[in-house]
Amino acid sequence: KHIKRNDIAMTAPVEIEYAASSEPIDTGAGRRGQQHATSMAFMYAAPNLGATGPDPADGRVAVEDIPAMTVLSIGVRGGYTEKNFAAALAKLNDWLDHSLERFRVVGPPRYLAYNSPFVPWFLKFGEVQLRVERIE
């Protein structure tokens with residue numbers, strides 16, 4: 001309702017953030033554990049689309065400017081499922097295991113969903129990202 005009320009076009013992805021966890025997650029390859037979404041955010045295309053802070057009409061909604069970040073990212077084709085998220089995150093973690101002297105994770109993983117619910121699952125595209133910083 002916030003988006004409609006403020007006439008904001010949805011031209012950027014939806015961010016689904018996951019809890020950082022040391023538990024293994026189910027990748028469909030025998031690894032088990034739990035990984036659940038903890039929050040969802042709608043990204044605006046530009047920072048001048050509205051004022052930051054709580055939405056006066058709905059206190060559950062807050063608009064925030066998020067600083068630029070460095071991420072490891074991998075594209076995902078298919079539905080925005082926990083299984084697809086887990087498989088992509090496992091690939092990022094495998095890459096990171098070979099780059100521990102260069103990068104460290106500094107935030108929870110997130111899934112960027114680019115398509116509406118009306119796009120068939122097999123045509124959907126997303127990204128799984130890990131926030132990182134370069135080790136000097």
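Here, residue 1 is the first one in the sequence, and each next residue gets the next number. Because the structure is predicted, anything quoted here is derived from the model rather than measured.
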> Could you check whether any side-chain heavy atom of Ile135 comes within less than 4.5 Å of a side-chain heavy atom of Arg102, counting everything from C-beta outward?
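Sidechains of Arg102 and Ile135: no contact.
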> Transitively linked via ILVMFWY side-chain contacts under 4.5 Å: Tyr80 with Met40?
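Yes.
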> Could you check whether any side-chain heavy atom of Val71 comes within less than 4.5 Å of a side-chain heavy atom of Glu127, counting everything from C-beta outward?
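Side chain of Val71 against side chain of Glu127, heavy atoms only: no contact under 4.5 Å found.
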> Test your reading of the model: is there a side-chain donor-acceptor pair from Arg110 to the backbone of Val128, 3.5 Å cut-off?
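Not a single qualifying donor-acceptor pair exists.
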> First locate atom CD1 of Ile16, then atom CD of Glu82, and finally report the distance between them rounded to the nearest 0.5 Å.
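Interatomic distance, Ile16 CD1 to Glu82 CD, rounded to 0.5 Å: 8.5 Å.
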> Would Val61 and Val14 show up in the same hydrophobic cluster when neighbours are defined by side-chain heavy atoms closer than 4.5 Å?
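No, separate clusters.
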> Start with the C-alpha distance between Leu130 and Asn93, add both sets of side-chain angles, then the distance that settles side-chain contact (heavy atoms from CB on, under 4.5 Å), and finish with yes or no.
CA-CA 9 Å; Leu130 276 174; Asn93 282 320; 3.6 Å; yes
> How far apart are the closest heavy atoms of Arg77 and Lys124, and which atoms are they?
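Taking Arg77 first and Lys124 second, the nearest heavy atoms are CD-O, 3.3 Å.
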> Parallel, tilted or perpendicular: which one describes the rings of His2 and Tyr44, with boundaries at 30° and 60°?
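Parallel.
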> Looking only at heavy atoms, which two atoms of Gly126 and Tyr111 are closest? And how far apart?
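That closest heavy-atom pairing would be CA-CE2, 4.3 Å.
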> Is Thr81 reaching over with its side chain to a backbone N or O of Asn84, donor-acceptor style, under 3.5 angstrom?
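Answer holds: yes.
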> State yes or no: do Phe122 and Val119 share one hydrophobic cluster built from I, L, V, M, F, W and Y residues joined by side-chain heavy-atom distances below 4.5 Å, directly or via other members?
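Both belong to a single hydrophobic cluster.
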> Is there a path of hydrophobic side-chain contacts, each under 4.5 Å between heavy atoms of I/L/V/M/F/W/Y residues, joining Val106 to Leu72?
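No, it is not one cluster - the side chains of Leu72 and Val106 are not joined through contacts under 4.5 Å.
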> Kindly check if the number of other-residue, nucleotide or ligand heavy atoms within 6.0 Å of CH2 (Trp121) is above 12?
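Open.
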> Which heavy atom of Lys91 sits nearest a heavy atom of Ile74, and at what distance?
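Smallest interatomic distance, heavy atoms only, reads CD-CD1, 3.7 Å.
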> Decide, yes or no, whether a salt bridge links Lys1 with Asp55 under the criterion of side-chain N to carboxylate O below 4.0 Å.
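Asp55 and Lys1: not salt-bridged.
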> Can you tell if the side chain of Tyr18 reaches within under 4.5 Å of the side chain of Pro108, non-hydrogen atoms only?
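No; the side chains remain at least 4.5 Å from each other.
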> State yes or no: do Leu100 and Phe103 share one hydrophobic cluster built from I, L, V, M, F, W and Y residues joined by side-chain heavy-atom distances below 4.5 Å, directly or via other members?
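Shared cluster, yes.
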> Please say whether more than 12 non-hydrogen atoms of neighbouring residues, nucleotides or ligands are located less than 6.0 Å from CE in Met69.
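Yes, CE of Met69 has more than 12 neighbouring heavy atoms, counting only those of other groups under 6.0 Å.
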